Amino acid sequence: MLSFENDYICGAHERILQRLMETNREPLTGYGNDPYCESAREKIRAALNCPEADIYFLSGGTQTNATVIDALLDKYEGVVAADTGHISTHEAGAIEATGHKVLTLPQHEGRIAAGELKSLLESFYQDENHEHMVFPGMVYLSHPTEYGTLYTHAELEEISAICRAHDIPLYLDGARLGYALMSYHTDITLPDIARLCDAFYIGGTKVGALCGEAVVFTGHCTPKHFLTIVKQHGALLAKGWLPGVQFDTLFTDGLYFQISRHAIDMAELLKKGLHEKGYTFYLESPTNQQFLLLRDEEVERLKKQVAFSFWEKPDAEHTVVRFATSWSTTKEDIAQLMQIL
């Protein structure tokens, strides 16, 4: 069956598989203390233009969000996020399971507004009963958002300034960060993110790796004994060289950016074909996730030949569905989909 279900339907980019094969018989120490992890860290620091960054390799996205958020918050604090943010919707209460509340703000095509964030923080401390409430201890963004939309440089700068004025960390979920960075409609670079965010992660699982995410702390804000906290959360791989080899490969000769741009090019080709066929878009996404508003009977017809993701039900007769491209999407896949449509 033709699949546009997500951006991790296939295993890994062939260059990553080749490097894993080449290093497979090499005896290596565990838990990220191997030369491949260190090489990957140095290459990522160079790409960030942030030589002081602390970098850790974790097993997956949900584990990363739960671990980082729990490590950065005190027991009485919660995390501010858009009401459609991944930690608010599709992580099965992983954040709440660590004892922290997700404090939601309204979403605007997936984004939070700086003015509403500022109002939330100011009104909290103006409330004379705030010591009986959950403190807003950090801010969570995803870039791209759950709708494939992007923050502008000005928006990220303003949100960062608000967080720093209130002395709380800004954390960016970068599960699909490569697709944000290589969009034709962005003005944010990787060094910008390193400068404006206190913590973020560079997604591997959804951008060409078999598994693994690279967590980055900038500005000397790494939580004390973070590796121990990672292990407590079950997010530390004993075979720590596995993500190390993968990220070392992704950040060699620009592979991470090349395959991300490929996914964007395929998304643009997909978008063009869908527009030409007269399909209604739920919103315009500049990244690899495209959202269509379909009648329910059309959804059922397409399900027989194409895999895609259910997203939401705006009314009784329509469904919003998502088509995602990735490093593995081909022009032939797009052409075949157009024939089915």
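Model, not experiment: these values are computed from the prediction.
At least one side-chain heavy atom of H275 sits under 4.5 Å from a side-chain heavy atom of F281. Contact annotation: the side chain of W327 approaches that of C10 to within less than 4.5 Å [non-hydrogen atoms, C-beta and beyond]. The side-chain heavy atoms of Y179 and Q289, taken from C-beta on, include no pair separated by under 4.5 Å. With a 4.5 Å cut-off on side-chain heavy atoms, L302 and L294 count as touching. In this structure the side chain of E122 reaches within 4.5 angstrom of the side chain of H166, judged on heavy atoms. Contact annotation: the side chain of E276 approaches that of K272 to within less than 4.5 Å [non-hydrogen atoms, C-beta and beyond]. Side-chain atoms of L120 and V80, non-hydrogen and from C-beta on, do get closer than 4.5 Å to each other. A heavy-atom distance below 4.5 Å is not found between the side chains of I69 and V102.
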Would D83 and S88 count as a side-chain hydrogen bond (donor to acceptor under 3.5 Å, both in side chains) if you check the C-alpha gap in whole Å, the side-chain angles of each, and the deciding distance to 0.1 Å? CA-CA 6 Å; D83 54 17; S88 305; over 6 Å; no
Might you work through the side chain to side chain contact (heavy atoms under 4.5 Å, CB included) test for M266 and H262, ending with a clear yes or no? CA-CA 6 Å; M266 293 300 99; H262 171 79; 3.6 Å; yes
After noting the C-alpha distance and the side-chain angles of L274 and L341, does the key distance pass the side chain to side chain contact (heavy atoms under 4.5 Å, CB included) rule? CA-CA 9 Å; L274 292 169; L341 294 174; 3.4 Å; yes
Could you walk me through whether L237 and S59 pass the side chain to side chain contact (heavy atoms under 4.5 Å, CB included) check? CA-CA 6 Å; L237 289 171; S59 54; 4.2 Å; yes
Does the side-chain hydrogen bond (donor to acceptor under 3.5 Å, both in side chains) test come out yes or no for E298 and Y279, once each step is laid out? CA-CA 11 Å; E298 177 74 350; Y279 278 88; 2.8 Å; yes
Checking salt bridge (charged side-chain N to carboxylate O under 4.0 Å, His left out) for the pair R15/E22: CA distance, chi angles, key distance, verdict? CA-CA 10 Å; R15 278 171 56 182; E22 291 169 356; over 6 Å; no
As a quick check of understanding, evaluate side-chain hydrogen bond (donor to acceptor under 3.5 Å, both in side chains) for T149 and T145, giving each step before the final call. CA-CA 5 Å; T149 53; T145 70; 2.5 Å; yes
Evaluate side-chain hydrogen bond (donor to acceptor under 3.5 Å, both in side chains) for Q63 paired with H233, printing each intermediate quantity in order. CA-CA 7 Å; Q63 298 95 322; H233 285 77; over 6 Å; no
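Ring-centre distance between Y76 and F135: below the 6.0 Å cut-off. Aromatic ring centroids of W311 and H318 lie 6.0 Å or more apart.
The nearest pair of heavy atoms linking A199 to L72 is CB-CD1, 4.3 Å. Nearest approach of I112 to A81, heavy atoms of both residues: CG2-C, 4.2 Å. Closest approach of T186 and A180 over heavy atoms only: CG2-O, 3.4 Å. Closest approach of Q107 and A82 over heavy atoms only: CB-CB, 4.1 Å. Closest of all the heavy-atom pairs between R164 and R195 is NH2-O, 3.0 Å. Closest non-hydrogen pair, A71 versus P223, comes out as CB-CG, 3.8 Å.
Between the side chain of T252 and the backbone N or O of D248 there is at least one donor-acceptor pair closer than 3.5 Å. When atom types are taken as modelled, the side chain of E91 and the backbone of A66 share no donor-acceptor pair closer than 3.5 angstrom. Judged purely by atom type and a 3.5 angstrom limit, N129 has no side-chain atom pairing as donor or acceptor with the backbone of H132. The main-chain N or O of Y8 is never found under 3.5 Å from a side-chain atom of S326 such that the two would form a donor-acceptor pair. Panel note: side chain Y56, backbone L227; no donor-acceptor pair is recorded below 3.5 Å.
Note that CZ of R261 is 8.0 Å distant from OG of S183, once rounded to the nearest 0.5 Å. Interatomic distance, D192 CG to H153 NE2, rounded to the nearest 0.5 Å: 3.5 Å. Rounding to the nearest 0.5 Å gives a distance of 12.5 Å between CG of L141 and CZ of F200. In this structure, the separation between CG on L177 and CD1 on I188 is 9.5 Å, given to the nearest 0.5 Å. Of the inter-residue distances, the one linking F308 atom CZ with Q290 atom CD reads 15.0 Å to the nearest 0.5 angstrom. How far OG1 of T84 is from CZ of R111: 10.5 Å, rounded to the nearest 0.5 Å.
Taking the six-membered ring where tryptophan is involved, the planes of F251 and F247 are essentially parallel, since the angle between them stays under 30° and well short of 60°.
Between N288 and the options T325, D7, T329, a side chain to side chain donor-acceptor pair (under 3.5 Å) holds for only D7. The residue from E26, Q246, R41 that alone fulfils the side chain to side chain donor-acceptor pair (under 3.5 Å) condition with Y36 is E26.
Geometric assessment of R322 against the ring of F4 yields a negative cation-pi assignment under the 6.0 Å and 45° thresholds. Judged by the 6.0 Å distance and 45° axis criteria, K303 is not positioned over the aromatic ring of F310.
No more than 12 heavy atoms of other residues, nucleotides or ligands sit less than 6.0 Å from atom OH of Y31. The 12-atom threshold is not exceeded at NZ of K75, counting heavy atoms of other residues, nucleotides or ligands nearer than 6.0 Å.
L103 and L73 are members of different hydrophobic clusters when ILVMFWY side chains are connected at heavy-atom separations under 4.5 Å. Under the 4.5 Å side-chain contact rule for hydrophobic residues, Y201 and I159 do not share a cluster.
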